[in-house]
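Both ligands and their constituent atoms are indexed starting at 1 by order of listing. By convention here, the first residue in the shown sequence is residue 1.
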Amino acid sequence: MEKRTELYRGKAKTVYTTDDPERLILHFRNDTSAFDGEKVEQLDRKGMINNKFNNFIMDKLEAAGVATQIDKVLSDTETLVKRLDMIPVECVVRNYAAGSLVRRLGVEEGQELSPATFELFLKNDALHDPMINETHAVAFGWATAEQLAQMKSLTFKVNDVLKQLFDDAGMLLVDFKLEFGVAADGSIVLGDEFSPDGCRLWDKETRKKLDKDRFRQGLGGVVEAYEEVANRLGVAL
Ligand code: TMP
Ligand code: ASP
């Protein structure tokens, strides 16, 4: 397997083609961004932690029957993945109110949500990832109704698996974002990443924030918090 050219440079990862047209390489960089790329900083070790963390989580999800794009880890910061045709719609589940939900609805941060909520956002930094609904996604051809139904049910399944996993390690999974793609055989597969960059995690007792809100809110100790999450789960760094 040989690394070829840069296909796409995102805010935190770079995607490379390989000599296999069905395989890509994800390179997890130290770049940390917030507010749709307005605030960017390099955080030492972050790329390595997120790569290893993502592989650990994706392994758990595969074991629970969720198809992921992971093929194999190549290095501290690189993973070989199956090529997907990415759907530009982000799926968000929330177990507790935080972030944009609090800003949008004026509800109290930390309120437990029952049932857990499900939201869709269009992946578009220039438009600040606007919230959309299923009819927008179908009308504009971003996904079919069948694909959206599968994405929703897979996102809730991921929530069931990970809520328990984090709870067992003394953390609350407040909310998270997933991105899916279409594989060569037409099936819906979990892509992108699951890391503290794309979810909210609080300590169960103290509600200390252990995710990218530390960076967004300038709380400091960002990488230390990511490391703590990894250590609590037993991820080998
Ligand atoms: P929000 O509160 O900003 O809407 O975000 C909800 C969760 O989804 C939070 O864990 C952050 C994550 N998220 C991303 O990682 N990237 C995004 O572009 C969006 C919209 C959400
Ligand atoms: N979308 C990510 C965030 O919510 C990254 C960014 O906005 O630059 O922080």
Task: Arg216 N/O to ligand 1 N/O under 3.5 Å - done: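 Checking ligand 1 against Arg216, no N or O pair falls under 3.5 Å apart.
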Open item on the list: Quick check: Arg200 and ligand 1, any N/O pair under 3.5 Å apart?
Closed with: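 Yes, since at least one N or O of Arg200 sits under 3.5 Å from an N or O of ligand 1.
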Does a side-chain N-to-carboxylate-O contact under 4.0 Å join [X] and [Y]?
{"X": "Lys11", "Y": "Asp125", "result": "yes"}
{"X": "Asp129", "Y": "Lys123", "result": "no"}
{"X": "Lys177", "Y": "Asp192", "result": "yes"}
{"X": "Asp211", "Y": "Arg200", "result": "no"}
{"X": "Glu78", "Y": "Lys72", "result": "no"}

- [ ] Measure from atom 21 (C) of ligand 1 to every heavy atom in Met131, Lys177, His128 and give the option owning the shortest one.
- [x]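 Among Met131, Lys177, His128, the closest heavy atom to atom 21 (C) of ligand 1 belongs to Lys177.
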Between [X] and ligand 1, find which residue part has any heavy-atom pair under 4.0 Å and reply side chain, backbone, both or neither.
{"X": "Asp197", "result": "backbone"}
{"X": "Arg94", "result": "side chain"}
{"X": "Glu119", "result": "neither"}
{"X": "Asp129", "result": "side chain"}

Open item on the list: Before we go on, tell me: are the rings of Phe176 and Phe194 under 6.0 Å apart, centre to centre?
Closed with: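 Centroid separation for Phe176 and Phe194: below 6.0 Å.
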Open item on the list: Show me which atoms of ligand 1 lie under 4.0 Å from any heavy atom of Cys199.
Closed with: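 Every atom of ligand 1 under 4.0 Å from some heavy atom of Cys199: 10 (O).
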TODO: Give the atoms of ligand 1, by number and element, whose distance to some non-hydrogen atom of Gly99 is under 4.0 Å.
DONE: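 Going through ligand 1 atom by atom, the ones under 4.0 Å from Gly99 are 2 (O).
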TODO: Work out which heavy atom in Lys82 is nearest to a heavy atom in Ile70; give both atom names and the distance.
DONE: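 Closest approach of Lys82 to Ile70: NZ-O, 3.5 Å.
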